[in-house]
Amino acid sequence: MIKDILHQQLTEVLDALSLSRTKEFSVEIPNNTEFGDYSTNAALVLSKENKLNPKLMAEKLVKELKKNKSFKKVEIAGPGFINFYLSPAMYQQVFWEIFKEEEYGKSEFGNQEKILLEFVSANPTGPLNIVSARAAAFGDTLYRIMKYVGFAPAREFYINDAGNQVDILAESLELRLRELHGEKIGDFPYEAYHGEYVKHLAQRLNALEGNRVFMLTEKDRMDHLKEFALSELLEMQRSSLEKFGVVFEGWVSEKTLRMEGVVEEVLSYLTEADCTYEKEDAIWFCSTKYGDDKDRVLMKSDGSITYFVPDLAYHLTKIQRGFTQLIDVFGPDHHGYVPRIRAAFRALNYDDNMLEIIFLQQVNLFESGERVKMSKRAGKIVTMDDLISVVGKDAARYFFIARKANAHLNFDLELALKQNNENPVYYCQYAHARICSIIKKARKDKVYPKHFKKEMTAKLTKPEELAIIQKMADLPELLILIAQHREPHRLATYLEELASMLHRYYAHYQIVSAKNLELSQARLMLIHTVKNVMSVCFELMGISAPEKM
RNA sequence: GCGCCAGUAGCUCAGUAGGAUAGAGCAGCAGCCUUCUAAGCUGCGGGUCAGGGGUUCGAAUCCCUUCUGGCGUGCCA
């Protein structure tokens with residue numbers, strides 16, 4: 001907000017002095033307060049094209065900038081930085097603008113561009129694990145932020161309800177069911193799903209239908225078992241996600257896509273585009289022509305189709321539905337898959353820049369300092385539900401959001417179990433609760449004004465107060481950056497910084513003081529606004545903003 | 001072998017897309033509650049930004065290279 005104003009003013013000054021400005025210059029908040037409230041590298045960046053040395057160029061700019069009364073001081077430092085010191089009056093004006101905003105930071109930046117966010121998309125063969133939880137927190141937060149800055153995003157979950165793993169699921173269920181009926185199974189097959197949840201499914205099916213399923217023919221029985229297991233497990237996943245605050249606009253079933261014939265369509269498109277061939281009884285896609293490192297099978301020699309084809313078909317439906325940017329959030333083990341889908345986009349003459357893949361690195365689980373190895377097939381998983389019930393939705397979401405996507409995440413179960421201040425979510429929530437508590441008391445003491453007025457802002461002059469205003473002024477731009485670069489973790493960093501400033505402010509200044517009503521009201525106005533800004537952040541992260549703790 | 005991602009304080013991680021003296025939390029040490037929530041605040045210690053080279057006014061950030069770790073490299077999904 002303030003950066004934009006300064007950037008605009010610099011542009012005007014450059015034009016007034018007829019200086020060239022083809023290269024991008026920036027306005028930043030320096031990390032050292034000695035270098036002013038804001039600083040710009042304009043003279044450094046633009047000196048070459050104006051054939052001036054940076055210092056001289058800076059002097060010219062500063063001479064002009066000094067005419068502006070919003071600045072307390074403008075100075076040149078280092079190799080040619082221009083540092084701005086803003087007058088309290090300017091901060092107060094900005095603060096008033098922030099205060100007035102109904103939904104601060106909201107913007108129309110995204111122009112309602114339709115963006116499809118596909119995430120989680122876990123196999124429906126078991127409960128969701130913590131990797132899915134990470135994807136859910138990440139994707140959902142990104143969705144919320146993108147929407148807030150004016151994009152038209154949609155969340156989608158692709159259901160892999162066709163293919164080998166579903167057959168194995170049905171077979172696993174049948175074995176557990178037979179066990180229930182007293183059959184000796186012996187060693188449970190290695191490939192089968194070993195998780196306890198399969199036993200629970202068997203018990204449920206048994207309670208509902210007894211041994212009726214065994215009367216069916218082999219094929220009918222498998223279909224029935226599949227259908228039952230899938231609907232149960234999907235419902236389980238849906239409800240876990242809902243508990244986590246994540247709701248999808250769309251659930252797209254691979255099976256349905258196959259039934260609708262989209263798969264054949266895609267095959268024919270690829271054939272028409274002349275990029276398929278037959279080899280060893282299989283049909284191949286010559287993806288190497290389009291940047292992949294080997295060709296890929298589309299139809300196996302047994303006549304069945306690989307995962308790739310319906311998935312490609314699914315991606316094409318996204319485009320047909322009018323989405324102009326397709327974001328997939330994948331686990332780290334799928335990166336080898338990307339070149340072939342990009343290749344297919346190119347082969348079919350779609351712009352593969354539309355497709356954007358974000359990789360979430362894995363979550364390593366630690367218990368007593370030991371890495372816990374997880375395997376869905378062997379039934380050794382920590383589920384998303386476990387996680388939520390142990391650490392709570394807020395802490396879990398925060399933990400996942402606060403780390404950037406392409407970094408490994410070490411999740412220490414014991415640490416999470418402690419549920420104390422080692423988890424920064426409490427630090428932020430505490431700041432919010434603290435403000436609420438102060439406001440409550442001020443209301444009780446009749447210090448809290450009926451209406452905040454612009455004149456009140458004049459009492460805000462302390463460096464800490466102006467710094468808080470500066471921090472708040474930064475949010476709209478930050479949200480846009482987060483949306484553009486798909487980096488929701490930066491909101492967590494921002495929130496921690498704001499919380500820290502608030503805690504420090506609270507510790508050093510009496511906010512409500514009976515002796516000075518005007519000052520009290522100005523400070524209440526400030527923390528009231530901080531509370532609102534924090535609420536926006538919490539809401540965007542899907543975390544609650546408690547009134548008391 | 002090839003490909004993708006990563007390597008920043010004892011630990012977990014940020015670092016505003018090339019900026020000035022690299023930050024936070026936790027852990028350690030020392031302080032602060034007759035005053036609005038001590039889940040807080042203040043101070044101290046802690047670094048060859050994995051190593052090396054390059055690009056330029058300027059590099060944790062960009063390029064090259066070596067090392068280390070994770071993952072991938074199925075007619076699995």
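Below, chain A is the first sequence line, B the second, and so on; all start at residue 1.
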Within the structure, does a side-chain N or O atom of [X] lie under 4.0 Å from either OP1 or OP2 of [N]?
{"X": "A:Arg504", "N": "B:G40", "answer": "no"}
{"X": "A:Arg434", "N": "B:A38", "answer": "yes"}
{"X": "A:Ser437", "N": "B:U37", "answer": "yes"}
{"X": "A:Tyr307", "N": "B:A77", "answer": "no"}
{"X": "A:Lys3", "N": "B:U16", "answer": "no"}
{"X": "A:His408", "N": "B:C71", "answer": "no"}
{"X": "A:Lys444", "N": "B:C36", "answer": "no"}
{"X": "A:Asn406", "N": "B:A6", "answer": "yes"}
{"X": "A:Lys294", "N": "B:G74", "answer": "yes"}

- Query: Above 12 or not: heavy atoms from other molecules or residues under 6.0 Å from CD of A:Glu497?
  - Reply: yes

Might you confirm whether atom NZ of A:Lys226 has over 12 heavy atoms from other residues, nucleotides or ligands at distances under 6.0 Å?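 Above 12, so yes.
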
Using a 4.0 Å heavy-atom cut-off, does [X] contact any base of the nucleic acid, only the sugar-phosphate backbone, or nothing at all?
{"X": "A:Tyr337", "value": "base"}
{"X": "A:Ser301", "value": "base"}
{"X": "A:Lys440", "value": "nothing"}
{"X": "A:Ala77", "value": "base"}

- prompt: Can you tell me if A:Tyr398 and A:Glu496 form a side-chain donor-acceptor pair at under 3.5 Å?
  reply: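 A donor-acceptor contact under 3.5 Å links the two side chains.
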
Nearest-Å distance, [atom1] ([X]) to [atom2] ([N])?
{"X": "A:Asn410", "N": "B:G7", "atom1": "CG", "atom2": "C1'", "result": "13 Å"}
{"X": "A:Tyr398", "N": "B:A39", "atom1": "OH", "atom2": "C1'", "result": "14 Å"}
{"X": "A:Ile439", "N": "B:C36", "atom1": "CD1", "atom2": "P", "result": "16 Å"}
{"X": "A:Phe359", "N": "B:G3", "atom1": "CZ", "atom2": "P", "result": "16 Å"}
{"X": "A:Leu56", "N": "B:C57", "atom1": "CG", "atom2": "C1'", "result": "15 Å"}
{"X": "A:Asp292", "N": "B:G3", "atom1": "CG", "atom2": "P", "result": "14 Å"}
{"X": "A:Leu230", "N": "B:A77", "atom1": "CG", "atom2": "P", "result": "15 Å"}
{"X": "A:Tyr509", "N": "B:U35", "atom1": "OH", "atom2": "P", "result": "21 Å"}

Taking pairing as Watson-Crick or G-U wobble with both contacts under 3.5 Å, can you name the mate of [N], or confirm there isn't one?
{"N": "B:C29", "value": "B:G43"}
{"N": "B:U73", "value": "B:G1"}
{"N": "B:G58", "value": "none"}
{"N": "B:A6", "value": "B:U68"}

**Message:** A:Phe81 and side chain to side chain contact (heavy atoms under 4.5 Å, CB included): which single residue from A:Ile76, A:Leu44, A:Thr40 fits?
**Reply:**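 In the set A:Ile76, A:Leu44, A:Thr40, the residue that makes a side chain to side chain contact (heavy atoms under 4.5 Å, CB included) with A:Phe81 is A:Leu44.
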
Could one point to a donor on the side chain of [X] or the base of [N] with an acceptor on the other under 3.5 Å away?
{"X": "A:Asn83", "N": "B:A20", "result": "yes"}
{"X": "A:Thr306", "N": "B:A77", "result": "no"}
{"X": "A:Asn41", "N": "B:G19", "result": "yes"}

Taking the minimum atom-to-atom distance to the side chain of [X], which one of [options] wins?
{"X": "A:Leu44", "options": "B:A77, B:C36, B:C57", "result": "B:C57"}
{"X": "A:Tyr506", "options": "B:A77, B:A14, B:A38", "result": "B:A38"}
{"X": "A:Tyr427", "options": "B:C75, B:C71, B:G40", "result": "B:G40"}
{"X": "A:His334", "options": "B:A77, B:A24, B:U21", "result": "B:A77"}
{"X": "A:Gln361", "options": "B:C5, B:U37, B:C75", "result": "B:C5"}
{"X": "A:Gln362", "options": "B:G70, B:A77, B:U12", "result": "B:G70"}
{"X": "A:Arg403", "options": "B:A20, B:C75, B:A14", "result": "B:A14"}
{"X": "A:Glu487", "options": "B:C75, B:A77, B:A17", "result": "B:A17"}
{"X": "A:His335", "options": "B:A17, B:C36, B:C71", "result": "B:C71"}
{"X": "A:Lys48", "options": "B:U56, B:C71, B:A39", "result": "B:U56"}

The residue, A:Ile29 or A:Asp281, whose nearest nucleotide of RNA chain B is more 5′ is A:Ile29

On RNA chain B, nearest-nucleotide positions of A:Glu254 versus A:Leu481: which is more 5'?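 The residue mapped nearer the 5' terminus is A:Leu481.
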
Hey, is the main chain of A:Ala433 close enough, under 3.5 Å, to the side chain of A:Ser437 for a donor-acceptor pair? no

A:His408 side chain to A:Gln361 main-chain N or O, any donor-acceptor pair under 3.5 Å?
-> no

Pick the [atom1] atom in [N] and in [M], then give their distance to the nearest Å.
{"N": "B:A14", "M": "B:A24", "atom1": "P", "result": "16 Å"}
{"N": "B:C64", "M": "B:G69", "atom1": "P", "result": "22 Å"}
{"N": "B:G46", "M": "B:C4", "atom1": "P", "result": "40 Å"}
{"N": "B:G10", "M": "B:G19", "atom1": "P", "result": "25 Å"}
{"N": "B:U16", "M": "B:U61", "atom1": "C1'", "result": "12 Å"}
{"N": "B:G28", "M": "B:G15", "atom1": "P", "result": "27 Å"}
{"N": "B:A77", "M": "B:G40", "atom1": "C1'", "result": "49 Å"}
{"N": "B:A27", "M": "B:G18", "atom1": "C1'", "result": "34 Å"}

chi for B:A6 classified (syn = within 90 degrees of 0, anti otherwise) as anti

Original post:
For B:C4, does the glycosidic angle fall within 90° of 0 (syn) or outside that (anti)?
Top reply: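 Anti conformation for B:C4.
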
message: Determine whether the aromatic ring of A:Phe81 stacks with the base of B:G19, defined as ring centroids separated by less than 5.5 Å and ring planes inclined by less than 30°.
response: no

request  = Take A:His334 and A:Asp328 through the test side chain to side chain donor-acceptor pair (under 3.5 Å) and record every step on the way to the result.
outcome  = CA-CA 11 Å; A:His334 282 62; A:Asp328 291 349; over 6 Å; no

Examine [X] relative to [Y] and say whether NZ or CZ is less than 6.0 Å from the centre of the six-membered ring and inside a 45° cone about the ring axis.
{"X": "A:Arg443", "Y": "A:Tyr448", "result": "yes"}
{"X": "A:Arg490", "Y": "A:Tyr494", "result": "no"}
{"X": "A:Arg434", "Y": "A:Tyr506", "result": "yes"}

